[in-house]
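Remarks on the structure that follows.
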Amino acid sequence: MNKIIVANMKMSMTLKEIGYYIKVLNDKLDTDNDVIIAPSFIFLPYFKSDKYLTCAQDVSEYESGPYTGEVSALQLKSINVKYTIVGHSERRNIFHENSAIIHNKIKHCLDNDISPIVCIGEDKKERISMTTEQFLRRDILELLQDFPKEQLENVIIAYEPKWAIGTGITPTPKEIDETIFFIKDIVESAFKVDVKVLYGGSINKENISDFKKLKNVDGFLIGGSSTDIDEFLEIIEQI
Ligand code: PGA
């Protein structure tokens, strides 16, 4: 089955570096998987190929208006962006985004036919103070409440335990598969939606073979390893 592979390039690369990356990507990408590229906002229009789709790394919680520095879902739609990452743990921790803000962002995406890739995942503290399951359940119910079923069908969830992001440490394949099964079960019982769920956190060319066959995992959100084009292509090839 095709997997969804998202490159979360974060705040990496300059124009010159991105030019090289795009050239190699456009020349060499050859896969049946669904590849989605999330560069910085300013580089989105440079990624043009029928081999992949583009994704923003964030979107404004506001619809439109005087919000200096913000980018709206409608603006992203106008340049043909089909996906947006929302609620990434870096946005939550560093930029203090809470559930109400993330909920607004999901709403604007859905209203503009953009699929939000909603990131959820526990940190060490939450792991200790409640079970991972309790924490994920609360987050999912808060973030996905009040949307009609037809809209929720466009949501993708990325399970990214915060302690696995950029650390080189991952849960075991079994833990990932079980947690993603659990996430799907919550969404199915609460909203009657069969949601796609990705795993993200320290995926690289060495460990992808451990995770690529997991039954419940619909794909991967790849940070650091996606910014090296050779490594990214190698990961895709292995999947
Ligand atoms: P990582 O990041 O692959 O560098 O751990 C994943 C993410 O932040 O989405």
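In this text, all values refer to a predicted model and were calculated from it rather than measured experimentally.
- Of the possible donor and acceptor atoms, one in the side chain of Glu175 sits under 3.5 Å from a partner among the backbone N and O of Thr172.
- No single ILVMFWY cluster, assembled from side-chain heavy atoms under 4.5 Å apart, contains both Ile157 and Tyr83.
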Test side-chain hydrogen bond (donor to acceptor under 3.5 Å, both in side chains) applied to Gln75 and Ser78, step by step: CA-CA 5 Å; Gln75 289 175 316; Ser78 76; over 6 Å; no

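- Using a 4.5 Å cut-off on side-chain heavy atoms (C-beta onward), Lys10 and Asn8 make contact.
- You'll find the side chain of Ile169 stays beyond 4.5 Å of the side chain of Ser202, heavy atoms only.
- Under a 4.0 Å N-O distance rule, the pair Glu133/Arg137 does not qualify as a salt bridge.
- With rounding to the nearest 0.5 angstrom, the NZ atom of Lys51 is 6.5 Å from the CG atom of Asp27.
- Glu63 CD: 12 or fewer foreign heavy atoms inside a 6.0 Å radius.
- Between the side chains of Asn104 and Tyr62, no donor-acceptor pair of N or O atoms lies under 3.5 Å.
- The side-chain heavy atoms of Arg91 and Ile101, taken from C-beta on, include no pair separated by under 4.5 Å.
- Residue Asp30 places its CG atom among 12 or fewer non-hydrogen atoms of other residues, nucleotides or ligands, all under 6.0 Å distant.
- Proximity of a side-chain donor or acceptor of Lys105 to a complementary backbone N or O of Val59 within less than 3.5 Å is detected.
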Residues Cys55, Ile85; criterion side-chain contact (heavy atoms from CB on, under 4.5 Å); working and verdict: CA-CA 7 Å; Cys55 177; Ile85 296 170; 3.9 Å; yes

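- Although no hydrogens or angles enter the test, the distance criterion places a donor-acceptor pair under 3.5 Å between the side chain of Lys192 and the main chain of Ser189.
- Not a single donor-acceptor pair under 3.5 Å links the side chain of Glu142 to the backbone N or O of Asp139.
- Under a hydrophobic-cluster definition in which Ile, Leu, Val, Met, Phe, Trp and Tyr are linked whenever side-chain heavy atoms come within less than 4.5 Å, directly or via other members, Tyr20 and Phe43 are assigned to the same cluster.
- Applying side-chain hydrogen bond (donor to acceptor under 3.5 Å, both in side chains) to Asp218 and the options Lys196, Lys3, Lys184 leaves one that passes, Lys184.
- Val217 and Phe181 end up in different hydrophobic clusters when Ile, Leu, Val, Met, Phe, Trp and Tyr side chains are linked at under 4.5 Å.
- In this structure, Glu17 places its CD atom where more than 12 heavy-atom neighbours from other residues, nucleotides or ligands lie under 6.0 Å away.
- No side-chain heavy atom of Asn80 sits less than 4.5 Å from a side-chain heavy atom of Thr54.
- Lys205 and Asp230 are not joined by a salt bridge, as no carboxylate oxygen comes within less than 4.0 angstrom of a charged side-chain nitrogen.
- Using a 4.5 Å heavy-atom cutoff, the side chains of Glu153 and Phe191 are not in contact.
- Not one N or O on the side chain of Asp177 forms a donor-acceptor pair closer than 3.5 Å with the backbone of Pro173.
- When atom types are taken as modelled, the side chain of Gln238 and the backbone of Ile235 share no donor-acceptor pair closer than 3.5 angstrom.
- Thr84 places no side-chain N or O within donor-acceptor distance of the main-chain N or O of Pro116, the cut-off being under 3.5 Å.
- The CG atom of Leu221 lies 8.5 Å from the OG atom of Ser226; values are rounded to the nearest 0.5 Å.
- Taking all atoms of both residues into account, the shortest heavy-atom contact from Tyr21 to Ala7 is OH-CB, 4.5 Å.
- Between the side chain of Gln57 and the backbone N or O of Ala38, at least one donor-acceptor pair lies under 3.5 Å.
- The shortest distance between side-chain heavy atoms of Asn93 and Lys162 falls below 4.5 Å.
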From CA spacing to verdict: side-chain contact (heavy atoms from CB on, under 4.5 Å), Tyr159, Leu136: CA-CA 9 Å; Tyr159 171 54; Leu136 292 175; 4.0 Å; yes

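- No continuous path of hydrophobic side-chain contacts links Ile36 to Leu110 [ILVMFWY only; heavy atoms under 4.5 Å].
- Distance OG/Ser40 to CE/Met11: 7.5 Å, rounded to 0.5 Å.
- Once rounded to the nearest 0.5 Å, the distance linking NZ of Lys174 with CD1 of Ile176 reads 12.5 Å.
- The two residues Cys119 and Arg92 come nearest to each other via the heavy atoms O-NH2, 2.7 Å.
- For Thr170 against Trp163, the heavy-atom pair with the smallest separation is C-CZ3, 4.0 Å.
- Considering all non-hydrogen atoms of both residues, Ile180 and Asn216 come closest at CG2-O, 3.2 Å.
- Listed here is the closest heavy atom pair of Ser60 and Glu70: OG-OE1, 2.9 Å.
- By the 4.5 Å heavy-atom criterion applied to side chains, Leu76 and Phe41 are counted as neighbours.
- Under a 3.5 Å cut-off, the side chain of His88 and the backbone N or O of Asp58 do not form any donor-acceptor pair.
- No continuous path of ILVMFWY side-chain contacts below 4.5 Å connects Val187 to Ile117, so the two sit in separate hydrophobic clusters.
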Full working for side-chain contact (heavy atoms from CB on, under 4.5 Å) between Thr227 and Phe232: CA-CA 7 Å; Thr227 61; Phe232 186 51; over 6 Å; no

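- A heavy-atom distance below 4.5 Å is found between the side chains of His103 and Gln145.
- Atom CD1 of Ile5 and atom CD1 of Ile208 lie 7.5 Å apart (nearest 0.5 Å).
- Contact detail for Ala73 and Ile114: the closest heavy-atom pair is O-CD1, 3.4 Å.
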Stepwise side-chain contact (heavy atoms from CB on, under 4.5 Å) test for Leu25 and Ile229: CA-CA 7 Å; Leu25 181 70; Ile229 185 61; 3.9 Å; yes

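- Between Phe47 and Tyr52, the ring-plane angle classifies as perpendicular under the 30° and 60° cut-offs.
- Expressed to the nearest 0.5 Å, how far CG of Asp34 lies from CD1 of Ile236 amounts to 11.0 Å.
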